[in-house]
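Quick caveat, the model's predicted, so the values are computed rather than measured.
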Amino acid sequence: MTDLVAVAHGTADPRGIRVVHDLVREMARQRPDLPTSLGFVDLLTPALPALVRRITTDASDAVVVPLLLSSGYHVYVDVAAEAQRYPGRVHAAAALGPDPVLVEILADRLGDLSRVDTVVLAAAGSSDPRALADCETTAKLLSDRVDRPVQVAYISGTGARLPTVLSRTPGRVAVATYLLAPGFFHNLIRRHASPHPVTKPLAPDPRLATLALHRYEEALVARVVDSGWDSPPRSTTRRAGARGARCLRTA
């Protein structure tokens, strides 16, 4: 069984840490057969390189699944570096978004929009144009879903900032938080968006765990196609035991 290495950004907010751990526990609940670990690209331990190095000592191969809503530096550099460091053994999955599943969660968080003219999708932001394009795609999908105009705004990076977007958006506005978990960025969104209503982050929601597991399966299929195999190679099946549990408790 190919290990799943979930990787999140990390946060200093205890609520955000708890939500990310709960998400990975839900992934383990949905796939109890799958060895699952959690690492981070920033702020928290275990750091992704150290975790992957530990796993590759006794696992035949692994898939790194970014618990990130858009592609950007962490996907194209941090996660990709691990796949390059262990060619043929460590494989990189795609980011969670854009995806219709995320749009459904956003729509559920927004609820009744009968008194809303425009939705502003508030994201963390990035300096990578590919990440900004992912957010724009999510905004288009959300607009189609809720039948309202959706503008994208960012808290950081190179895109249009949230206060600017709100100042130029007329009518009744609701702010959809496009973040995985509570923390510093969500606090900023609420501060900048006041007095407009602001939704909660996307997690916890079991659909996120299902989506992350789908990204894992997609990476396995891509591995088979890239290798030219007619069927997936057989590997030693190991139970998700003490190593995975230790990683899930690390903060």
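The main-chain N or O of A139 is never found under 3.5 Å from a side-chain atom of S143 such that the two would form a donor-acceptor pair. Between the side chain of T177 and the main chain of L179, no donor-acceptor pair closer than 3.5 Å is present. No donor-acceptor pair closer than 3.5 Å links the side chain of S194 to the backbone N or O of R191.
Residues G159 and L132 come closest through the heavy atom pair N-CD1, 4.2 Å. Considering every non-hydrogen atom in both V175 and A193, the closest pair reads CG2-CB, 3.8 Å. Across every non-hydrogen atom of A131 and S71, the tightest pair is CB-O, 2.5 Å. When all heavy atoms of R109 and P204 are compared, the pair lying nearest together is NH2-O, 3.5 Å. For G97 against Y178, the heavy-atom pair with the smallest separation is CA-OH, 4.2 Å. Annotation for G10 and L43: closest pair O-CD1, 3.6 Å, computed over non-hydrogen atoms.
In this structure, L180 CG and L208 CG are separated by 6.0 Å, a value rounded to the nearest 0.5 Å. Taking CD1 of I17 as the reference point, atom CG of D22 lies at 12.0 Å (rounded to 0.5 Å). Separation of atoms CG (L102) and CG (L96) is listed at 6.0 Å; rounding is to 0.5 Å. With values rounded to the nearest 0.5 angstrom, L202 atom CG is found 10.5 Å from L211 atom CG.
The side-chain heavy atoms of R223 and D61, taken from C-beta on, include a pair separated by under 4.5 Å. Contact check for S37 versus L51: side-chain heavy atoms found under the 4.5 Å cut-off. T138 is not listed as a side-chain neighbour of L69, based on a closest heavy-atom distance of 4.5 Å or more.
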Under the criterion salt bridge (Lys or Arg N to Asp or Glu O under 4.0 Å), I'd like the reasoning laid out for D134 against R130: C-alpha separation, chi angles, the key distance, then a yes or no.
CA-CA 6 Å; D134 284 350; R130 292 169 292 189; over 6 Å; no
Does the side-chain contact (heavy atoms from CB on, under 4.5 Å) test come out yes or no for V24 and L67, once each step is laid out?
CA-CA 9 Å; V24 179; L67 301 182; 3.8 Å; yes
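Between Q151 and the options T118, L166, L162, a side chain to side chain contact (heavy atoms under 4.5 Å, CB included) holds for only T118. Checking T36, V63, I55 one by one against L4, the side chain to side chain contact (heavy atoms under 4.5 Å, CB included) holds for a single residue, T36.
Listed by first and then second residue, the ring-ring contact (aromatic ring centres under 6.0 Å, His included) pairs that reach into residues 180-207 come to none, sequence neighbours excluded. For residues 212-221, the set of pairs meeting the side chain to side chain donor-acceptor pair (under 3.5 Å) definition, not counting sequence neighbours, comprises R31-E217, D99-R215, H214-E218, R215-E218. Screening residues 8-19 for side chain to side chain donor-acceptor pair (under 3.5 Å), with sequence neighbours left out, gives D13-R15. For residues 151-179, the pairs satisfying salt bridge (charged side-chain N to carboxylate O under 4.0 Å, His left out) are D117-R172, with sequence neighbours left out. Listed by first and then second residue, the side chain to side chain donor-acceptor pair (under 3.5 Å) pairs involving residues 73-94 are H74-D78, E82-R85 (not counting sequence neighbours).
Applying the side-chain contact (heavy atoms from CB on, under 4.5 Å) rule to A83 yields the partners A92; only residues at least two apart in sequence or on another chain are considered. N187 pairs by the side-chain hydrogen bond (donor to acceptor under 3.5 Å, both in side chains) definition with R190, not counting sequence neighbours. L113 pairs by the side-chain contact (heavy atoms from CB on, under 4.5 Å) definition with L110, V116, V119, V146, R148, not counting sequence neighbours. The side-chain hydrogen bond (donor to acceptor under 3.5 Å, both in side chains) check on K200 picks up nothing, with sequence neighbours excluded. In this structure S114 satisfies the side-chain hydrogen bond (donor to acceptor under 3.5 Å, both in side chains) test together with D112, sequence neighbours excluded. Looking at residues two or more places apart in sequence or on another chain, you find a side-chain contact (heavy atoms from CB on, under 4.5 Å) between Q30 and E26, P206, A209, T210, L213. By the side-chain contact (heavy atoms from CB on, under 4.5 Å) test, R207 pairs with V101, E104, I105, D108, D205, sequence neighbours left out.
Y154 and L68 are members of different hydrophobic clusters when ILVMFWY side chains are connected at heavy-atom separations under 4.5 Å. L188 and V152 fall into different hydrophobic clusters, where Ile, Leu, Val, Met, Phe, Trp and Tyr are joined by side-chain heavy atoms under 4.5 Å apart, directly or via other members. Connection of L121 to V165 is not established within any shared hydrophobic cluster, with ILVMFWY side chains joined at heavy-atom distances below 4.5 Å, either directly or through further cluster members. V65 and V75 fall into different hydrophobic clusters, where Ile, Leu, Val, Met, Phe, Trp and Tyr side chains are chained together by heavy-atom contacts under 4.5 Å. Note on L142 and V198: separate hydrophobic clusters, where clusters join Ile, Leu, Val, Met, Phe, Trp and Tyr whose side-chain heavy atoms are under 4.5 Å apart, directly or indirectly.
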